Amino acid sequence: MPVKASDIQKMLPENGKKNCKEGGLATCFAFAMKLANAGITLDKCTYLSAEVRLQLEDMLQPPIRQVFIGTGARQVAIGEEEVMFRHQKTFFRAPGMALLIADGEDEESCSAKIAKIGWQFERLDKLSRFDLVALSHTSTDGGKYLQLVQKVMAETDAGLILLAAEPEVLLSAYEASKSRNPLVCVTDGNYAQVVPHLAKSAVVCASADGLDNLANLVGKLKEAGLENLVLDPGSGSLVELVRDQTMIRRAALLHKFRPFGFPTLFLAARVTSDLEQQMLLAVAGVAKYAGIIVLDDISSENFQVLLTVRQNIYTDPRVPPAVESKVYGFNEADESAAVLVTTNFALTYYAVAGEVENSKLPVFLCCQDTGGLCVLAAWSTGTFGPETIAEMVKKQALADKVTHKQLVLPGYVARIKGDLEEELPDWEILVGPREAGDIPNYLNELKKRRENVA
C-alpha cells in the first residue's frame, strides 16, 4: 500500500514540526507529502539521522522494483506495480513479449524467428511488437551459442534474455552482449560460478524451482549486491502459473516481503510445445502479473490477438480509450462515398469501422471528439449534439469531399435529426441503424436509393 504522508511526517525531525523550510517547502508535512508522491528526495532534509534515513528509504522503496532490460528505443521497463487488481487503480508496466530462439535450431528456423522480431502492429495510436529475444543454449557447442547471440545482436536491436545453464557459456554471452543490458538467467546450479563475474548493475533473472527456493536464491543475489532482479519460479502448468504469480504479487504488495518485490518471468515453452496452448498460457500470464512472457513461436494472427489483450488490460480504466478525431476514408472513398458520423470512443469506432469495411462500399466516417465517450453517453453530456456535429462537418470540409450531401446519424440519436437539419440546412440528414452489424445492409440500401433517384 502507498506510504502515508502522516507516517513520514512523524519520522522527520522534532516529530515533523521543525518546519525549517530549508528543503524548499513551508512545512515538514508539505515535505512529507512530496516524499510520499516521489516529488522530492530525502537528501533535501539535512537533519535526518542515518538510522531514520534508512528506515525512510525502506518505506519509500516501491513494493515491486522497476527493472530495465535492453537499451535505446526498445528498452523494456517492467515492475513498479501498485495494486493487485486493475480496477483498484491501473496496471502500469505491460509485460514484455519475448520470442525464444535456441542455438539447436536450424538456420532457416532461426532466421524466420529473427524476422518476426521486426513485426509491428499499431492499435489505438500505440505501436506493439516483440520486446525481447530469449536465447536458449540447447546444443552441446558453446561457440554456437555465442554465434547466435552475435547474430541476433547484428540483425535486431531488441533486448536479450540469456538462457544458458553452463557458467562458461553464459558468461561469454554476457560479455559479448553487455552493452545491450541483457537479462542474465541465474540458477542455484550456476550461481557460484556466474555471479562474481557480473557487474552490480546487471539485470539478473533468479530462476528456481518453487517459491521457497526462489526466495533463498534472491537472498543470495541481494547479498552479492545485485538489485535489478527478475523472478522465475519455474511454473510448469497453468495452475502453477496463476498460483505462483498471485502469491508473489500478494507477498510483495500486501506483506512487503522484499525477496518477492521484483517483476517476474514466465517461460511458456517450459509447460508445453503446443503453440496454441502457449498462446493461452500467455494470455493468462498477461492477466496474472507476469512481467515477461517467453513464447517458443506464434503466428502473426495470434500475436495480434495477444497484443490486443495486453493493451486492453494495461490501459488505464480511468481514461476512456479513444481514437483520433478526424475523417476516416474506407474502401477507396471518393465523391460518391456515404458520410457517417460517430464518436471517437475506440470500441464504437472499431465496431463501426469493421462493418463499414465489410460493406465494400466507399465511406467517409467522421469521428467526433467526445473525450472517448460512446454515442449515448456523449449525447447526454452534450459533446455529441447538433452543434458539435455541425461544427466538425464544416471544419473537415465534408461538403467538398462528396457531391450528394447526405449525412448519416447513429440510430441511437435519431432525436437530434431535426436540430441538425437546422444547423446544416444544405445537408440531408439520415438516420442510420442502431447496431453496427446492420451497417452493410443499410449502406447497400442507401446506394440503391441514390441510383433509383439518379
Side-chain angles (χ1 to χ4, degrees), residues 1-68 77-95 200-201 206 211 214-215 218-219 221-223 225-231 244-264 287-291 313-320 371:
M1 299 296 289
V3 180
K4 296 179 181 178
S6 56
D7 293 335
I8 296 175
Q9 183 187 16
K10 294 173 186 176
M11 301 177 68
L12 296 178
E14 298 180 17
N15 202 30
K17 297 179 181 178
K18 187 175 181 66
N19 301 330
C20 66
K21 301 182 177 62
E22 293 179 21
L25 297 165
T27 65
C28 285
F29 183 71
F31 182 77
M33 286 283 289
K34 282 277 191 180
L35 274 177
N37 291 285
I40 201 169
T41 56
L42 275 173
D43 57 13
K44 294 295 183 181
C45 179
T46 58
Y47 297 99
L48 289 174
S49 66
E51 181 182 356
V52 172
R53 182 181 294 276
L54 287 174
Q55 291 177 358
L56 283 172
E57 286 176 349
D58 186 64
M59 285 177 59
L60 294 169
Q61 181 181 329
I64 299 177
R65 185 181 179 89
Q66 185 176 16
V67 175
F68 296 93
I78 54 175
E80 212 175 33
E81 298 294 349
E82 298 178 1
V83 294
M84 286 293 299
F85 305 105
R86 177 175 174 267
H87 65 264
Q88 292 175 309
K89 187 175 183 180
T90 186
F91 293 160
F92 291 100
R93 311 291 178 189
K200 300 302 182 186
S201 60
L211 298 182
L214 181 62
V218 169
L221 291 169
K222 293 185 71 174
E223 286 179 9
L226 296 164
E227 293 290 341
N228 296 315
L229 304 181
V230 175
L231 311 181
D244 295 344
Q245 296 291 334
T246 302
M247 291 181 69
I248 289 172
R249 176 70 71 95
R250 183 179 292 275
L253 293 185
L254 303 185
H255 303 291
K256 292 283 187 178
F257 185 59
R258 292 301 186 193
F260 285 171
F262 301 93
T264 60
K288 280 298 179 182
Y289 318 131
I313 292 177
Y314 281 82
T315 295
D316 193 335
R318 301 166 297 178
V319 180

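The shown structure was predicted, so the numbers you read here are calculated from the model rather than taken from an experiment. Quick note: numbers below take in every heavy atom, side chains included, and nothing from hydrogens, waters or symmetry partners.
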Please indicate whether R53 has more than 12 foreign heavy atoms, meaning atoms of other residues, nucleotides or ligands, lying under 6.0 Å from its CZ.
->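 Above 12, so yes.
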Taking atom CD of Q88 as the centre, does the number of heavy atoms from other residues, nucleotides or ligands within less than 6.0 Å exceed 12?
->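 Above 12, so yes.
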Roughly how far apart are [X] [atom1] and [Y] [atom2], rounded to 0.5 Å?
X: M247; Y: F260; atom1: CE; atom2: CZ; result: 7.5 Å
X: K21; Y: F31; atom1: NZ; atom2: CZ; result: 14.5 Å
X: S49; Y: M11; atom1: OG; atom2: CE; result: 8.5 Å
X: I313; Y: T90; atom1: CD1; atom2: OG1; result: 11.0 Å
X: I78; Y: I64; atom1: CD1; atom2: CD1; result: 10.5 Å
X: L35; Y: L42; atom1: CG; atom2: CG; result: 5.0 Å

Minimum heavy-atom separation for [X] and [Y], please, with both atom names.
X: V67; Y: L229; result: CG2-O, 3.4 Å
X: A26; Y: N19; result: O-CB, 4.0 Å
X: A290; Y: P95; result: O-CB, 3.0 Å
X: P63; Y: R258; result: CA-NH1, 4.1 Å
X: L12; Y: C28; result: CD1-O, 3.5 Å
X: A252; Y: G261; result: CB-CA, 3.9 Å

Face-on cation placement of K18 at Y47 ring, 6.0 Å and 45° thresholds |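 Ring-cation test returns yes.
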Measure from the side-chain N and O atoms of E81 to the backbone N and O of R93, and report whether any donor-acceptor pair falls under 3.5 Å.
->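 Pair found, side chain donor or acceptor close to backbone of R93.
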Under 3.5 Å, side chain of R249 to main-chain N/O of V83, donor-acceptor pair present?
->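 Side chain of R249 to backbone of V83, a donor-acceptor pair under 3.5 Å: yes, one is there.
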Trace of the side chain to side chain contact (heavy atoms under 4.5 Å, CB included) decision for F92 with E82 | CA-CA 8 Å; F92 291 100; E82 298 178 1; 3.9 Å; yes
Evaluation steps, side chain to side chain contact (heavy atoms under 4.5 Å, CB included), between N15 and K10 = CA-CA 5 Å; N15 202 30; K10 294 173 186 176; 3.9 Å; yes
Minimum side-chain heavy-atom gap P13-L48 below 4.5 Å |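 A side-chain contact under 4.5 Å exists here.
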Can you check whether E80 reaches R65 side chain to side chain, under 4.5 Å on heavy atoms?
->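 Result no, sub-4.5 Å side-chain heavy-atom pair not found.
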Decide yes or no on side chain to side chain contact (heavy atoms under 4.5 Å, CB included) for D244 and T264, but give the supporting numbers first.
-> CA-CA 10 Å; D244 295 344; T264 60; over 6 Å; no
Apply side chain to side chain contact (heavy atoms under 4.5 Å, CB included) to M84 and L253, showing your working.
-> CA-CA 8 Å; M84 286 293 299; L253 293 185; 4.2 Å; yes
Parallel, tilted or perpendicular for Y289 and F91, by the 30°/60° rule?
->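 Aromatic pair Y289/F91 classed perpendicular.
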